[in-house]
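Contents: one structure, followed by commentary.
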Amino acid sequence: MTAHLTPEVRGLLSADALGWLDKPPLDPFIDGNWRTARSDTHIEVVDPGTGTPVTSYTAASAGDVADAVAAARAAFDDGRWSELDPETREEKLRHLADLLAADAETVAQLEALDTGKTLAEARLDIDEAVAVLRYYAGWATKVEGSVIPAPRRYMATGTREAIGVCAAITPWNYPLPILMYKLAPALAFGNTFVAKPSEQTVLSTAYLAQLCAAAGIPDGVVNVAPGAGATGAALTATPGIDKIAFTGSTRTGQAVMRAAADTLTKVSLELGGKSPQLVFADADLDAAIAGVMAGIWTNAGQVCIAGSRLIVDRRIHDEFVAELADRTRRLSLGHGLAPTTTLGPLISSTQRDRVNALIEQAAQDGAHVETAAELPDRDGYFIAPTIVTGARPGQSIEREEVFGPVLTVLPFDTEDEAVRLANDSAYGLASAVWSQNASRVHRVARRLRAGTVWANTYGVFHPTLPFGGVKASGFGRELGSDAVEHYTELKTTVIDL
Ligand code: NAD
C-alpha cells in the first residue's frame, strides 16, 4: 500500500523512508513472523504536521497478545537466548546497534513523521537509542555474583539470572529511546520481550523488529503487539509475563499496577511530571533562559521531564520573563520534517484541544496568558508556545501535567519559599536549580523531591545516568547500573560442605 502523504511531506522524505512506508510491517510480530492481527480494530497512523492519515494497521487482539507472550515464554524456557554465552548476546546486540545506526536517518525521518517532532530532535532520539543499546550490550558480560559469608559449613553464592518474559508498554513522545531503555537491558541479561508501542506511534518499533530479525536475534526473543489501551490491558492481564516496564501517564500506570496485582507481576512505572526549574537571582541568566527554553519547548512540551513550572526570584521575574518571551518569539513552528522548523505540532487533535482547554481555563481563572511565536498558517495540530504568569498555586494550569508548550511562572521571595513551591506538586520526576552559588545549589538540590536534579543545566540524559521518579511520577529507575536490579533475579545457592 502506498502511503498517503501530502506532496510537501513526500518531498521531505528520503527514498528509503518512502520505500519503507510503501509496505510498512505493522502487523503483530510474533515468533519471528508478521502475523495478520485477529481483530476488527483498525488504527490510523496520522502525520501530526498535516493532520493527514498516512497509513493504518490492525490492532493486536487479546489472542494475538497471548500468542506473543507464549512465543516469548517458549523462547525463554528453551534457553535459545538466556543460555547463550553472554559475549554472544553482546555481539548480537552490538550488531543490532550497528544496523540501527546505519539506518538512523531513515528511522529518524519516520519518527519525525509519526510523532511530529523536528527531524533534529528525532535524530537525537535515534542516536540515544543506539547509545543505550551499545551500553547495555556491554553489560551482558559485566554482571557478576557474590560469595556470601554464610556460616562456615556452607558455601553460599548470590547469582544474577534473567527474570524471564519482560513486557514493555510505551508512550508516543519518545517511542524508540523509551523502548530501548527497557529492551536493551532485558535482552542483555537474557530475558525475552514483548513490546506494546503507543497506538499513535508504531513505526519505529516496527522498524526495530525488522532489524532484530536481521541481526540474528532468535525468533520469539522480541515480539511486538501494536494497538491501543485494549491491547495494553490484554498484555497486563496475560499470565506468563514476569515483568512489566511501563512508561506513560500516571492514570494508566495505576491501571497497569492494578492489573499486575492479579498476576503478581513485577512492575516499574515511569509516569508523568510537572517539573520545576528554580532560577535564583545569582544565576547565569543567559544560560538559565536557554535551559528553561530547552526544558519546555523541546518536543513541543510533550516531554515527561518538561520543565513546565518556572519558579523565579521576584527581583528578576519581569526581566527574565520578558527576555524568555522575546527569544521564544524567534521559534519557527512548522512540519517536523521541514528544515526551518524549531517547534513541531502536538501528537493529535485530542491533545491539542486538551491543551487549549487548559490554557483557556487558566485565563478564566485570572492568570495572564501570553502567546509567544506565531501559529503557522497550515493544517496540523499546532499550539503556539504559551507563557502563563500570575497563576495562583493550586490552579489547574499550575498543578496538572499539560503535555504541551505551556510554561507557568511563579515568583518567590526566599530560598525556602522556592523549595516549598517546587515540592508542592503531586509529581516528582525532574527539577533544576539555576544559581552560581555552589552552597545554594547543594542545599536546594538536597531538598528537592524529585528523581533527578539538574543544576545549571537541564534534560541531560546518558545511558549511565539512572532516571525515574518519586511520588506520582512512579518508581523504579531506568538506565545506568540500576537496570541490573530490574532485569535480573538474585538467586541464593547454599551448599553444605
Ligand atoms: P498513556 O498513559 O495514555 O499511554 C501509555 C501507553 O499505555 C500506551 O502504549 C497506551 O496504549 C497504553 N495503555 C493505555 N491504556 C492502557 C491500559 N489500560 N493498560 C495497559 N496499557 C494501556 O500515555 P501517553 O499519552 O502515550 O504518554 C504521555 C504520558 O507519558 C505523559 O503523562 C508523560 O509524562 C508520560 N511519560 C513519562 C515518561 C517517564 O519516563 N517518566 C516518559 C515519557 C512519557
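Numbering of ligands and ligand atoms starts at 1, following listing order.
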Numbered atoms and elements of ligand 1 in range of T247, under 4.0 angstrom, heavy atoms: 5 (C), 36 (N), 37 (C), 38 (C), 39 (C), 40 (O), 42 (C), 43 (C), 44 (C)

Counting only heavy atoms, which portion of T231 has something under 4.0 Å from ligand 1: side chain, backbone, both, or neither? neither

Among all protein heavy atoms in this structure, tell me which lies nearest to atom 23 (O) of ligand 1, with the distance rounded to 0.1 Å. S249 N, 3.4 Å

Does NZ or CZ of K182 lie under 6.0 Å from the centre of the six-membered ring of F193, at an angle within 45° of the ring axis? no

Residue-level breakdown please: for L271 versus ligand 1, do any non-hydrogen atoms fall below 4.0 Å on the side chain, on the backbone, on both, or on neither? backbone

Please work out, at 4.0 Å between heavy atoms, whether the side chain, the backbone, both, or neither of T170 comes within that distance of ligand 1. backbone

Tell me which protein heavy atom sits closest to atom 12 (C) of ligand 1, plus the residue, atom name and distance to 0.1 Å. I169 CG2, 3.6 Å

S198 to ligand 1, any heavy atom closer than 4.0 Å: yes

Regarding Y181 and E128, do their side chains bring together a donor and an acceptor under 3.5 Å, going by distance alone? yes

One finds that the ligand 1 atoms under 4.0 Å from a non-hydrogen atom of N173 are 43 (C), 44 (C)

Give a yes-or-no answer on whether the side chains of T328 and W297 include a donor-acceptor pair shorter than 3.5 Å. yes

Which option, T350, L429, T252, owns the non-hydrogen atom nearest atom 16 (C) of ligand 1? T252

Taking heavy atoms and a distance under 4.0 Å, where does C304 meet ligand 1: side chain, backbone, both or neither? both

Check the angle between the aromatic planes of W34 and F29 and answer parallel, tilted or perpendicular using the 30° and 60° thresholds. tilted

At under 4.0 Å between heavy atoms, what of E401 touches ligand 1? The answer is side chain

Near I178, which atoms of ligand 1 are under 4.0 Å from a heavy atom of that residue? 42 (C), 43 (C)

Looking only at non-hydrogen atoms, which of G474, G229, A260 approaches atom 17 (C) of ligand 1 most closely? G229

Residue, atom and distance of the protein heavy atom nearest atom 27 (O) of ligand 1 read P171 CB, 3.3 Å

Applying a heavy-atom cut-off of 4.0 Å, say which part of F403 lies close to ligand 1: side chain, backbone, both or neither. side chain

Nearest 0.5 angstrom please: Y458 OH to M293 CE, how far? 15.0 Å

Proximity winner for atom 30 (O) of ligand 1, if only heavy atoms of P226, A237, G248 are counted: G248

May I ask you to identify the nearest protein heavy atom to atom 24 (P) of ligand 1, giving residue, atom name and distance to one decimal place in Å? W172 NE1, 3.3 Å

Protein contact to atom 20 (C) of ligand 1 [nearest heavy atom, distance to 0.1 Å]: G232 C, 3.2 Å

